[in-house]
Amino acid sequence: MASTAPFAKMNGIGNEIIVADMRSRADRVTAAAAIALNADAATRFDQIMAIHDARTPGTAFFIDILNSDGSKAQACGNGMRCVVQALAAETGQKTFTFETVAGILNAREHADGSISVDMGTPRFGWQDIPLAEEFHDTRMIELQIGPIDAPVLHSPSAVSMGNPHAIFWVDRDVWSYELDRFGPLLENHPMFPERANITIAQVTSPDTMVIRTWERGAGLTKACGSAACASVVAAARTNRTGRSVSLVTPGGGSLHVEWRGDDHVILTGAAEWEFSGSFDPSTGTWARDTESAA
Ligand SMILES: N[C@H](CCC[C@H](N)C(=O)O)C(=O)O
(Lines give C-alpha, C1' and ligand atoms only; values in the text may rest on other atoms or scores of the structure.)
Protein backbone atom coordinates (compact mmCIF):
# COMPACT_ATOMS: atom_id res chain seq x y z
CA MET A 1 0.00 0.00 0.00
CA ALA A 2 1.27 3.48 -0.91
CA SER A 3 1.46 6.13 1.81
CA THR A 4 -1.67 8.28 1.99
CA ALA A 5 -1.97 11.72 0.43
CA PRO A 6 -4.11 14.62 1.67
CA PHE A 7 -7.13 15.65 -0.41
CA ALA A 8 -9.88 18.26 -0.31
CA LYS A 9 -13.37 17.60 -1.65
CA MET A 10 -14.38 20.85 -3.32
CA ASN A 11 -16.69 22.07 -6.07
CA GLY A 12 -16.53 24.68 -8.80
CA ILE A 13 -20.14 25.93 -8.97
CA GLY A 14 -21.33 22.36 -8.54
CA ASN A 15 -18.69 20.60 -10.66
CA GLU A 16 -17.57 17.93 -8.15
CA ILE A 17 -13.80 18.13 -7.69
CA ILE A 18 -11.23 16.29 -5.57
CA VAL A 19 -7.99 18.24 -5.16
CA ALA A 20 -5.28 15.70 -4.32
CA ASP A 21 -1.97 16.81 -2.83
CA MET A 22 0.62 14.62 -4.59
CA ARG A 23 3.56 16.95 -3.93
CA SER A 24 6.90 15.39 -2.94
CA ARG A 25 6.01 11.97 -4.29
CA ALA A 26 6.63 10.17 -7.55
CA ASP A 27 3.47 8.08 -7.87
CA ARG A 28 0.27 9.10 -9.63
CA VAL A 29 -3.39 8.74 -8.72
CA THR A 30 -4.39 5.53 -10.48
CA ALA A 31 -7.52 4.92 -12.56
CA ALA A 32 -8.51 2.26 -10.00
CA ALA A 33 -8.32 4.82 -7.18
CA ALA A 34 -10.46 7.25 -9.17
CA ILE A 35 -13.09 4.61 -9.86
CA ALA A 36 -13.16 3.56 -6.18
CA LEU A 37 -13.50 7.16 -4.92
CA ASN A 38 -16.29 7.79 -7.42
CA ALA A 39 -18.14 4.66 -6.30
CA ASP A 40 -18.44 6.06 -2.76
CA ALA A 41 -21.31 8.57 -2.42
CA ALA A 42 -19.27 10.72 -0.01
CA THR A 43 -16.39 11.20 -2.46
CA ARG A 44 -18.29 11.00 -5.77
CA PHE A 45 -16.62 13.45 -8.13
CA ASP A 46 -16.36 14.62 -11.72
CA GLN A 47 -12.60 15.30 -11.79
CA ILE A 48 -9.57 14.68 -9.59
CA MET A 49 -7.01 17.47 -9.83
CA ALA A 50 -3.72 15.99 -8.61
CA ILE A 51 -1.11 18.60 -7.64
CA HIS A 52 2.41 17.34 -8.41
CA ASP A 53 5.81 18.99 -8.08
CA ALA A 54 6.74 21.22 -11.02
CA ARG A 55 8.53 19.54 -13.89
CA THR A 56 9.21 22.69 -15.94
CA PRO A 57 11.10 25.81 -14.78
CA GLY A 58 8.82 28.84 -14.45
CA THR A 59 5.83 26.76 -13.32
CA ALA A 60 4.80 26.17 -9.70
CA PHE A 61 3.09 22.78 -10.07
CA PHE A 62 2.15 20.10 -12.57
CA ILE A 63 -1.55 19.24 -12.47
CA ASP A 64 -2.72 15.77 -13.51
CA ILE A 65 -6.46 15.58 -14.29
CA LEU A 66 -8.55 12.40 -14.04
CA ASN A 67 -12.21 11.91 -14.92
CA SER A 68 -14.49 9.81 -12.72
CA ASP A 69 -14.20 6.84 -15.11
CA GLY A 70 -10.43 6.86 -14.53
CA SER A 71 -9.56 8.40 -17.92
CA LYS A 72 -7.32 11.46 -18.24
CA ALA A 73 -8.52 14.94 -19.21
CA GLN A 74 -6.35 17.66 -20.71
CA ALA A 75 -8.31 20.56 -19.24
CA CYS A 76 -10.68 21.29 -16.37
CA GLY A 77 -11.51 24.94 -15.77
CA ASN A 78 -13.69 24.48 -12.69
CA GLY A 79 -11.13 22.15 -11.15
CA MET A 80 -8.34 24.66 -11.73
CA ARG A 81 -10.26 27.22 -9.68
CA CYS A 82 -10.50 24.72 -6.82
CA VAL A 83 -6.73 24.11 -7.05
CA VAL A 84 -6.10 27.86 -6.91
CA GLN A 85 -8.38 28.33 -3.90
CA ALA A 86 -6.70 25.48 -2.01
CA LEU A 87 -3.18 26.72 -2.78
CA ALA A 88 -4.05 30.37 -2.09
CA ALA A 89 -5.47 29.40 1.32
CA GLU A 90 -2.30 27.44 2.10
CA THR A 91 0.30 29.91 0.83
CA GLY A 92 -1.35 33.34 0.79
CA GLN A 93 -0.22 33.63 -2.81
CA LYS A 94 -2.76 34.96 -5.32
CA THR A 95 -1.27 34.16 -8.72
CA PHE A 96 -0.04 30.81 -9.99
CA THR A 97 1.51 29.35 -13.12
CA PHE A 98 0.63 25.69 -13.66
CA GLU A 99 1.56 23.06 -16.18
CA THR A 100 -0.91 20.45 -17.47
CA VAL A 101 -0.57 17.98 -20.33
CA ALA A 102 -2.21 20.67 -22.49
CA GLY A 103 0.47 23.28 -21.64
CA ILE A 104 1.12 26.19 -19.28
CA LEU A 105 -1.75 28.09 -17.69
CA ASN A 106 -1.95 31.09 -15.39
CA ALA A 107 -4.58 31.70 -12.73
CA ARG A 108 -5.37 34.34 -10.15
CA GLU A 109 -7.56 34.71 -7.07
CA HIS A 110 -9.29 38.12 -6.91
CA ALA A 111 -9.96 40.19 -3.78
CA ASP A 112 -13.64 39.10 -3.79
CA GLY A 113 -12.61 35.42 -3.72
CA SER A 114 -13.54 34.72 -7.33
CA ILE A 115 -10.87 33.07 -9.43
CA SER A 116 -9.86 33.58 -13.05
CA VAL A 117 -8.09 30.90 -15.06
CA ASP A 118 -6.41 31.62 -18.39
CA MET A 119 -7.54 28.54 -20.31
CA GLY A 120 -5.19 29.25 -23.21
CA THR A 121 -6.18 29.52 -26.85
CA PRO A 122 -8.91 27.55 -28.61
CA ARG A 123 -8.20 25.39 -31.65
CA PHE A 124 -10.56 24.83 -34.53
CA GLY A 125 -8.75 22.51 -36.93
CA TRP A 126 -10.56 19.18 -37.39
CA GLN A 127 -7.35 17.26 -36.64
CA ASP A 128 -6.73 19.32 -33.50
CA ILE A 129 -10.15 18.71 -31.91
CA PRO A 130 -9.91 15.86 -33.13
CA LEU A 131 -12.68 14.86 -35.55
CA ALA A 132 -12.63 11.65 -37.57
CA GLU A 133 -13.51 13.40 -40.82
CA GLU A 134 -12.07 16.38 -42.58
CA PHE A 135 -14.16 19.51 -42.01
CA HIS A 136 -12.92 22.73 -43.53
CA ASP A 137 -15.18 24.77 -41.24
CA THR A 138 -15.78 23.48 -37.71
CA ARG A 139 -18.23 26.26 -36.85
CA MET A 140 -20.86 23.74 -37.96
CA ILE A 141 -20.19 20.08 -38.56
CA GLU A 142 -22.49 17.42 -39.96
CA LEU A 143 -23.68 15.34 -37.04
CA GLN A 144 -27.18 14.65 -35.83
CA ILE A 145 -29.09 12.52 -33.42
CA GLY A 146 -32.72 11.43 -33.44
CA PRO A 147 -34.97 10.64 -36.43
CA ILE A 148 -33.15 11.28 -39.72
CA ASP A 149 -35.85 13.65 -41.03
CA ALA A 150 -36.45 15.40 -37.69
CA PRO A 151 -33.20 15.31 -35.67
CA VAL A 152 -33.41 16.28 -32.01
CA LEU A 153 -29.91 17.74 -32.01
CA HIS A 154 -27.84 18.56 -35.08
CA SER A 155 -25.05 20.61 -36.66
CA PRO A 156 -22.87 21.31 -33.61
CA SER A 157 -19.88 23.61 -33.47
CA ALA A 158 -16.63 21.82 -32.59
CA VAL A 159 -13.79 23.36 -30.55
CA SER A 160 -10.70 22.18 -28.69
CA MET A 161 -9.93 23.91 -25.39
CA GLY A 162 -7.08 21.41 -24.98
CA ASN A 163 -9.92 18.86 -24.72
CA PRO A 164 -12.59 18.09 -27.33
CA HIS A 165 -15.98 19.84 -27.25
CA ALA A 166 -19.11 19.76 -29.40
CA ILE A 167 -21.75 22.44 -28.82
CA PHE A 168 -25.31 21.93 -30.02
CA TRP A 169 -27.31 25.16 -30.33
CA VAL A 170 -30.91 24.98 -29.17
CA ASP A 171 -33.83 27.43 -29.09
CA ARG A 172 -35.77 25.69 -26.34
CA ASP A 173 -35.03 25.30 -22.64
CA VAL A 174 -31.89 23.15 -22.26
CA TRP A 175 -33.77 21.03 -19.69
CA SER A 176 -36.24 19.86 -22.33
CA TYR A 177 -33.56 17.67 -23.98
CA GLU A 178 -32.76 14.15 -22.80
CA LEU A 179 -29.04 14.78 -22.47
CA ASP A 180 -28.70 11.73 -20.22
CA ARG A 181 -29.87 9.60 -23.17
CA PHE A 182 -28.10 11.38 -26.04
CA GLY A 183 -24.95 12.29 -24.12
CA PRO A 184 -23.37 8.81 -24.08
CA LEU A 185 -24.14 8.25 -27.77
CA LEU A 186 -22.61 11.56 -28.80
CA GLU A 187 -19.62 11.30 -26.43
CA ASN A 188 -18.72 7.99 -28.07
CA HIS A 189 -19.79 8.85 -31.63
CA PRO A 190 -17.30 7.68 -34.31
CA MET A 191 -16.93 11.36 -35.27
CA PHE A 192 -14.85 11.84 -32.10
CA PRO A 193 -11.84 9.49 -32.04
CA GLU A 194 -10.90 10.73 -28.54
CA ARG A 195 -14.54 11.01 -27.48
CA ALA A 196 -15.92 14.50 -26.69
CA ASN A 197 -17.60 16.67 -24.11
CA ILE A 198 -21.15 17.34 -25.32
CA THR A 199 -22.90 20.64 -24.52
CA ILE A 200 -26.33 21.97 -25.38
CA ALA A 201 -26.40 25.75 -25.35
CA GLN A 202 -29.22 28.27 -25.48
CA VAL A 203 -28.10 31.80 -26.25
CA THR A 204 -30.38 34.15 -24.31
CA SER A 205 -28.82 37.52 -25.30
CA PRO A 206 -25.59 38.74 -26.93
CA ASP A 207 -23.88 38.35 -23.55
CA THR A 208 -25.77 35.57 -21.75
CA MET A 209 -26.13 31.84 -22.32
CA VAL A 210 -27.48 28.75 -20.54
CA ILE A 211 -25.54 25.50 -20.96
CA ARG A 212 -25.82 21.86 -19.92
CA THR A 213 -22.93 19.47 -20.45
CA TRP A 214 -22.49 15.73 -20.73
CA GLU A 215 -18.81 15.37 -19.90
CA ARG A 216 -16.51 12.87 -21.51
CA GLY A 217 -15.57 10.35 -18.84
CA ALA A 218 -17.84 11.87 -16.19
CA GLY A 219 -21.40 12.08 -17.57
CA LEU A 220 -23.91 14.79 -16.64
CA THR A 221 -22.30 17.40 -14.41
CA LYS A 222 -23.58 20.52 -12.68
CA ALA A 223 -21.05 22.66 -14.54
CA CYS A 224 -18.13 22.32 -16.94
CA GLY A 225 -15.68 25.20 -17.22
CA SER A 226 -13.92 24.19 -20.42
CA ALA A 227 -17.35 23.62 -22.01
CA ALA A 228 -18.33 27.14 -20.96
CA CYS A 229 -15.18 28.43 -22.68
CA ALA A 230 -15.78 26.32 -25.80
CA SER A 231 -19.42 27.47 -25.95
CA VAL A 232 -18.55 31.17 -25.79
CA VAL A 233 -15.79 30.84 -28.37
CA ALA A 234 -18.13 28.91 -30.69
CA ALA A 235 -20.98 31.39 -30.11
CA ALA A 236 -18.74 34.35 -30.90
CA ARG A 237 -17.37 32.59 -34.01
CA THR A 238 -20.90 32.08 -35.30
CA ASN A 239 -22.02 35.63 -34.41
CA ARG A 240 -24.47 34.40 -31.78
CA THR A 241 -22.84 36.43 -28.99
CA GLY A 242 -20.01 38.84 -28.35
CA ARG A 243 -16.72 37.72 -26.79
CA SER A 244 -17.64 38.42 -23.15
CA VAL A 245 -20.49 36.24 -21.91
CA SER A 246 -22.04 35.20 -18.57
CA LEU A 247 -23.26 31.62 -18.40
CA VAL A 248 -25.81 29.91 -16.19
CA THR A 249 -25.09 26.23 -15.50
CA PRO A 250 -27.25 23.41 -14.04
CA GLY A 251 -25.69 23.87 -10.59
CA GLY A 252 -27.40 27.29 -10.61
CA GLY A 253 -24.01 28.98 -10.46
CA SER A 254 -22.69 31.45 -12.95
CA LEU A 255 -19.45 31.62 -14.86
CA HIS A 256 -18.00 34.40 -16.90
CA VAL A 257 -15.97 33.78 -20.04
CA GLU A 258 -14.00 36.35 -21.97
CA TRP A 259 -12.32 35.51 -25.27
CA ARG A 260 -9.65 38.20 -25.25
CA GLY A 261 -8.24 40.00 -28.26
CA ASP A 262 -4.97 38.07 -27.81
CA ASP A 263 -6.99 34.84 -28.36
CA HIS A 264 -6.71 33.68 -24.73
CA VAL A 265 -9.92 32.52 -23.05
CA ILE A 266 -10.40 33.64 -19.43
CA LEU A 267 -12.81 31.71 -17.20
CA THR A 268 -13.96 33.38 -13.96
CA GLY A 269 -16.10 31.96 -11.17
CA ALA A 270 -16.25 30.67 -7.61
CA ALA A 271 -14.84 27.61 -5.86
CA GLU A 272 -15.97 26.01 -2.61
CA TRP A 273 -14.29 23.73 -0.05
CA GLU A 274 -16.45 20.94 1.42
CA PHE A 275 -14.24 18.66 3.53
CA SER A 276 -10.73 17.27 3.74
CA GLY A 277 -9.30 13.81 4.16
CA SER A 278 -6.50 11.53 3.11
CA PHE A 279 -6.49 8.69 0.59
CA ASP A 280 -4.36 5.96 -0.90
CA PRO A 281 -3.58 7.09 -4.47
CA SER A 282 -3.22 3.50 -5.65
CA THR A 283 -6.49 2.08 -4.26
CA GLY A 284 -8.73 5.06 -3.41
CA THR A 285 -9.20 3.92 0.21
CA TRP A 286 -9.83 7.12 2.15
CA ALA A 287 -10.63 8.64 5.54
CA ARG A 288 -12.11 11.98 6.50
CA ASP A 289 -9.99 14.31 8.64
CA THR A 290 -11.48 14.34 12.12
CA GLU A 291 -11.40 18.13 12.42
CA SER A 292 -12.92 18.52 8.92
CA ALA A 293 -16.48 19.85 8.51
CA ALA A 294 -19.21 17.42 7.47
N1 LIG B 1 -15.26 19.79 -15.65
C2 LIG B 1 -14.16 20.23 -16.46
C3 LIG B 1 -14.06 19.62 -17.79
C4 LIG B 1 -13.61 18.23 -17.77
C5 LIG B 1 -13.46 17.71 -19.15
C6 LIG B 1 -13.32 16.27 -19.14
N7 LIG B 1 -14.58 15.60 -18.88
C8 LIG B 1 -12.68 15.77 -20.42
O9 LIG B 1 -12.53 14.53 -20.52
O10 LIG B 1 -12.31 16.54 -21.31
C11 LIG B 1 -14.10 21.72 -16.59
O12 LIG B 1 -14.58 22.41 -15.71
O13 LIG B 1 -13.52 22.21 -17.55
Side-chain angles (χ1 to χ4, degrees), residues 9-19 29 31 34-35 38 44-50 63-86 98 100-103 105 107 114-123 128-131 158-167 179-180 183-184 186-189 192-199 201 209 211-234 247-251 253-257 259 264-272:
K9 173 67 187 58
M10 303 184 71
N11 74 80
I13 64 159
N15 207 179
E16 305 291 353
I17 305 293
I18 289 176
V19 176
V29 179
I35 290 164
N38 191 53
R44 184 156 296 153
F45 68 93
D46 302 321
Q47 273 80 40
I48 294 176
M49 311 294 291
I63 311 294
D64 197 27
I65 309 172
L66 289 92
N67 288 314
S68 52
D69 71 353
S71 65
K72 295 280 178 119
Q74 301 93 334
C76 178
N78 290 332
M80 286 312 302
R81 291 202 313 282
C82 294
V83 168
V84 168
Q85 191 185 77
F98 299 105
T100 68
V101 285
L105 62 86
S114 68
I115 295 154
S116 292
V117 180
D118 181 341
M119 298 286 287
T121 56
R123 282 178 300 157
D128 297 326
I129 293 168
L131 304 176
V159 179
S160 169
M161 285 304 310
N163 55 350
H165 290 271
I167 296 100
L179 192 54
D180 52 340
L186 290 164
E187 173 192 358
N188 295 294
H189 193 282
F192 305 116
E194 292 177 17
R195 303 191 284 161
N197 297 286
I198 306 298
T199 295
M209 199 189 292
I211 61 170
R212 259 180 97 201
T213 302
W214 175 274
E215 285 193 23
R216 172 179 72 165
L220 279 181
T221 60
K222 291 205 186 92
C224 177
S226 52
C229 296
S231 301
V232 171
V233 164
L247 301 99
V248 175
T249 60
S254 73
L255 288 172
H256 188 267
V257 172
W259 186 14
H264 281 240
V265 182
I266 313 300
L267 172 73
T268 303
E272 184 182 36

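In each ligand, atom 1 is the first atom listed, and ligand 1 is the first ligand listed. These numbers were taken from a predicted model, which means no experiment stands behind them.
Side-chain N/O atoms of S226 and N163 include a donor and acceptor closer than 3.5 Å.
C82 has its side chain out of reach of M49: every pair of non-hydrogen atoms, C-beta onward, lies at least 4.5 Å apart.
For residues 70-84, the pairs satisfying salt bridge (charged side-chain N to carboxylate O under 4.0 Å, His left out) are D64-K72, with sequence neighbours left out.
The protein residues lying under 4.0 angstrom from ligand 1, judged by non-hydrogen atoms, are N15, Q47, N67, A73, A75, C76, G77, N78, N163, N197, E215, R216, C224, G225, S226.
Under the 3.5 Å distance criterion, the side-chain polar atoms of N67 are left unmatched by any main-chain donor or acceptor of A218. The main-chain N or O of E16 is found under 3.5 Å from a side-chain atom of D46 such that the two form a donor-acceptor pair.
In terms of heavy-atom proximity, M80 sits nearest to L105 at CE-CD1, 3.7 Å.
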